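Working notes, beginning with the structure itself.
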Amino acid sequence: MSIKVLVVADHDGNKLNAGTARAVKAAVSVPGAEVHVLVLAAAGAAVAAAAAELAGVARVLQADRAENAHLMAATLAPQVVALAAGYTHVFGPSSSFGKDLLPRVAALLGVAQISDLMSVEGTYTFKRPIYAGNAIITVEAPADQVVVATVRTASFEAAADGGQAVIEAVSTTVALPTHTRFVSVQSAKSDRPDLQSAAKVVSGGRALGSKEQFELVFRLADQMGAAVGASRAAVDAGYAPNELQVGQTGKIIAPELYLAVGISGAIQHLTGIKDAKTIVAINKDPEAPIFEVADIGLVADLFVVVPELQATLAAG
Amino acid sequence: MRRILVGIKRVVDYSVRVRVKPDGTGVALDGVKMSINPFDEIALEEALRMKERGEADEVVAMSIGPEEAQQQLRTALAMGADRAILVKSDTAVEPLTAAQVFTAIARAEDARLVLVGKQAIDDDANQTGQMLAALWGRPQATFASKVEVLGEVLRVTREVDAGLETLEIDLPAVVTVDLRLNEPRYVKLPDIMKAKKKPLDVKSFADYGVEPTERLKVTLYVAPATRSKGIMVKSVAELVDVLKKKGLA
């Protein structure tokens, strides 16, 4: 049987989410796989064109339907099921989009789902983390069922550009429920780099002490061209918005540089950053667990050294 | 009867640092502290608040697990759930099996709303609520940070990668809850005494017509790769030097 992987694209209607290219990379590493990308949108031409440029993608299925103006699992899942016929695997990034959608798809297909796939060991064998990353398990999926999985994007590089996939318009006639309706989305508009794909991230914790003082993290990040992250404690305290949370229940990231400012380093936070290439920690508590994973540690009062760091960087 | 079902999973307490057994057959769980999955506790708190506001008539806690999971259900009853159902299982069940059981309970109990944690902190699957919604053929609102009852409709704010998304969903429905939805109440001693008298039914998979199936086979457990020990610097100047050498500043 030929191995065909369908990757469900995460996007905002115009642009492909960075996690999609990483999910494609995981799909391409399935031995002998032919990889297709499914774009569900109201008018998905731009997103489909971007997906077609990803290396390793053979075909892009563009499923335009008015109901897809907002990506909601209840309306998308029946379409994915209809279009997944003939595929051995259905993957998606483990973004909030993928985590919402793919379990619903798997249940409709009557199969298990693999969450946060972190490596492909064989056509039906994968690794994934449990217990906030304190254990890694090898999982074997049955070969006679569709493998549905979300891909832990921090574990894979993004698929390169340079692909020239065929784009095919597909349509489904499957009836869609009307019981779920989009109302609004509220996001902090920002020109800063995207947290999930940024090369550098400056992240702040509870030690910042207030929303106003958290601005220090934003200013340092802006100076370094970095994205901003936050610990759960900082988000819970209202210093930073929820979409900046890094960790087990927030975003799992793998930047070149992660600069943790005033973050103690709870295990739930560390699980979100352990794939970072270089971790720098600034904390005044020498016993803080963040120092156990940091490549470079500085025990100091952040309110003293962050301005000093800014001045030193500005001086070149 | 406006009935809310709440999924309660017995898991290793969040403060325990779980270790893999040296032979790779599992994680060492002997004698570790067990608790209600923290996300499920938030789900229960939300259900109780709805009942207290007059938006629900009954809150039923349901769990799938070993005999000992009665402890977590008793805690749920002490928090304020009216009754509890334990579907006995001596082995861990996959999310799809859990969803099949919950779907059967939702139908048998004519549930108006099912609240579950967005994920359990043991298997970190983040699937059961979505699968339940699919099998039940009802709406799902995952990762909820705010839930408002508007008659037969729920307005749910969800924590998504882009920020906060608001959906309206028709009841009956499934909501999976995120960390910032509420802060669960503490249990008081008199409530623990009262909870002992509340009904707790122990059921089997067969009672709900579900055959537990192992679809995914776990063949090996390993500890995660550890990061090598880093260096400590004494000053900002030294920090910037190291970053420059790495091409990061």
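Reminder, nothing fancy here: chain letters follow the sequence lines and each chain counts from 1. A quick note: this is a predicted structure, and the numbers were derived from the prediction, not measured.
- Looking at heavy atoms from C-beta onward, B:Ile121 lies out of side-chain contact with A:Tyr131 at the 4.5 angstrom threshold.
- With a 4.5 Å cut-off on non-hydrogen atoms, A:Lys99 touches chain B through its backbone and its side chain both.
- Between A:Ile273 and B:Arg227, the closest heavy-atom pair is O-NH1, 4.2 Å.
- Counting heavy-atom pairs closer than 4.5 Å to chain B, the top-ranked of the candidates A:Ala74, A:Ala135, A:Ser184 is A:Ser184.
- Contact of B:Val156 with chain A is not made at all, since no heavy-atom distance falls under 4.5 Å.
- Heavy atoms closer than 4.5 Å to chain A are found in the side chain of B:Val12, but not in its backbone.
- Between chain B and the residues A:Asp116, A:Leu244, A:Ile114, A:Val299, the largest count of heavy-atom pairs under 4.5 Å involves A:Ile114.
- B:Asp170 pairs by the salt bridge (charged side-chain N to carboxylate O under 4.0 Å, His left out) definition with A:Arg181, not counting sequence neighbours.
- Counting only residues at least two apart or in different chains, side-chain hydrogen bond (donor to acceptor under 3.5 Å, both in side chains) contacts with residues 297-316 of chain A comprise A:Gln223-A:Gln310.
- The structure places CG of B:Leu239 at 6.0 Å from CD1 of A:Ile282, a figure rounded to the nearest 0.5 Å.
- Looking at B:Glu94, only its side chain comes within 4.5 Å of chain A, counting heavy atoms on both sides.
- Residue A:Lys127: no heavy atom, backbone or side chain, is found under 4.5 Å from chain B.
- For the atom pair CD (B:Gln140) and CG (A:Leu101), the distance works out to 8.0 Å, reported to the nearest 0.5 Å.
- In this structure, OG1 in B:Thr166 is found 8.0 Å from CZ in A:Phe182, a value given to the nearest 0.5 Å.
- Nearest heavy atom pair, residue B:Leu167 against residue A:Val183, reads C-CG2, 3.9 Å.
- Put simply, OH on B:Tyr14 and CD1 on A:Ile267 are 13.5 Å apart, with the number rounded to the nearest 0.5 Å.
- Neither the backbone nor the side chain of A:Ala77 comes within contact range of chain B; no heavy atom of the residue lies under 4.5 Å from a heavy atom of that chain.
- When the candidates A:Gln196, A:His70, A:Met224, A:Gln248 are compared by the number of heavy-atom contacts under 4.5 Å with chain B, A:Gln248 comes out ahead.
- Considering only heavy-atom pairs separated by less than 4.5 Å from chain A, the leading option among B:Val18, B:Leu171, B:Thr157, B:Val16 is B:Val18.
- Interface summary for chain B: among A:Asn242, A:Thr278, A:Val139, the most heavy-atom pairs under 4.5 angstrom belong to A:Asn242.
- Annotation: maximal heavy-atom pairing with chain B below 4.5 Å, among A:Val185, A:Asn17, A:Thr178, A:Asp12, occurs at A:Val185.
- Atom CG of A:Asn134 sits about 6.0 Å away from atom CZ of B:Arg17, to the nearest 0.5 Å.
- Looking at A:Pro177, neither its backbone nor its side chain comes within 4.5 Å of chain B, counting heavy atoms on both sides.
- Of the two parts of A:Val111, only the backbone, made up of N, CA, C and O, holds a non-hydrogen atom closer than 4.5 Å to a non-hydrogen atom of chain B.
- Note: A:Ser96 OG to B:Asp178 CG = 10.0 Å, rounded to the nearest 0.5 Å.
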Test log, rule side-chain contact (heavy atoms from CB on, under 4.5 Å), inputs A:Val280 and B:Leu243: CA-CA 9 Å; A:Val280 177; B:Leu243 288 178; 3.9 Å; yes
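- Side-chain atoms of B:Lys118 come within 3.5 Å of backbone N or O of A:Thr249 as a donor-acceptor pair.
- Listed here is the closest heavy atom pair of A:Pro103 and B:Met131: O-CG, 3.3 Å.
- With a threshold of 4.5 angstrom between heavy atoms, B:Pro95 does not approach chain A through any atom at all.
- Interface residue A:Leu313: only side-chain heavy atoms are found under 4.5 Å from chain B.
- Options B:Thr97, B:Leu179, B:Val242, B:Thr142 differ in how many heavy-atom pairs under 4.5 Å they form with chain A, and the most are formed by B:Leu179.
- For a residue to count as touching a neighbouring chain, one of its non-hydrogen atoms must lie under 4.5 Å from one of that chain's; by this rule B:Arg180 touches chain A with the side chain only.
- For A:Phe291, the parts sitting under 4.5 Å from any heavy atom of chain B are the backbone and the side chain alike.
- The parts of B:Val222 that come within reach of chain A are both its backbone and its side chain, each placing non-hydrogen atoms under 4.5 angstrom from that chain.
- When side chains are defined from C-beta on, B:Ile169 does not count as touching A:His179, because their heavy atoms never get closer than 4.5 Å.
- Both the backbone and the side chain of B:Tyr221 come within contact range of chain A, each with at least one heavy atom under 4.5 Å from a heavy atom of that chain.
- Neither the backbone nor the side chain of A:Thr125 has a heavy atom closer than 4.5 Å to any heavy atom of chain B.
- Chain A forms the most heavy-atom pairs under 4.5 Å with one residue out of B:Gly230, B:Ala99, B:Ala249, and that residue is B:Gly230.
- Contact annotation for B:Gln127: both backbone and side-chain heavy atoms come within less than 4.5 Å of a heavy atom of chain A.
- Residues B:Val218 and A:Thr138 fail the side-chain proximity criterion, which asks for heavy atoms closer than 4.5 Å.
- B:Val236 has its side chain within reach of A:Leu298: a pair of non-hydrogen atoms, C-beta onward, lies under 4.5 Å apart.
- Within a 6.0 Å sphere centred on CD of B:Glu211, other residues, nucleotides and ligands contribute 12 heavy atoms or fewer.
- Looking at A:Ala112, both its backbone and its side chain come within 4.5 Å of chain B, counting heavy atoms on both sides.
- Between chain B and the residues A:Asp100, A:Thr180, A:Leu309, the largest count of heavy-atom pairs under 4.5 Å involves A:Asp100.
- Panel note: side chain A:Lys251, backbone B:Asp161; a donor-acceptor pair is recorded below 3.5 Å.
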Stepwise side-chain contact (heavy atoms from CB on, under 4.5 Å) check, B:Leu216 with A:Gln113: CA-CA 9 Å; B:Leu216 299 176; A:Gln113 195 229 233; over 6 Å; no
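- At most 12 heavy atoms of other shown residues, nucleotides or ligands fall within 6.0 angstrom of atom NZ in B:Lys217.
- Heavy-atom distances place the backbone of B:Lys234, and not its side chain, under 4.5 Å from chain A.
- Looking at B:Ser235, the atoms closer than 4.5 Å to chain A (heavy atoms on both sides) all sit in the backbone: N, CA, C or O.
- Comment: B:Asp124 does not engage A:Arg128 in a salt bridge, judged by the lack of any side-chain N to carboxylate O separation of less than 4.0 angstrom.
- In this structure, chain A has no heavy atom under 4.5 Å from any part of B:Arg19.
- For A:Gly133 against B:Pro224, the heavy-atom pair with the smallest separation is O-CG, 3.1 Å.
- B:Val240 touches chain A through its side chain: at least one heavy atom from C-beta onward sits under 4.5 Å away, while N, CA, C and O do not.
- At a 4.5 Å heavy-atom cutoff, the contact between B:Ala133 and chain A is made by backbone and side-chain atoms alike.
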Stepwise side-chain hydrogen bond (donor to acceptor under 3.5 Å, both in side chains) test for A:Ser115 and B:Asn126: CA-CA 8 Å; A:Ser115 297; B:Asn126 195 334; over 6 Å; no
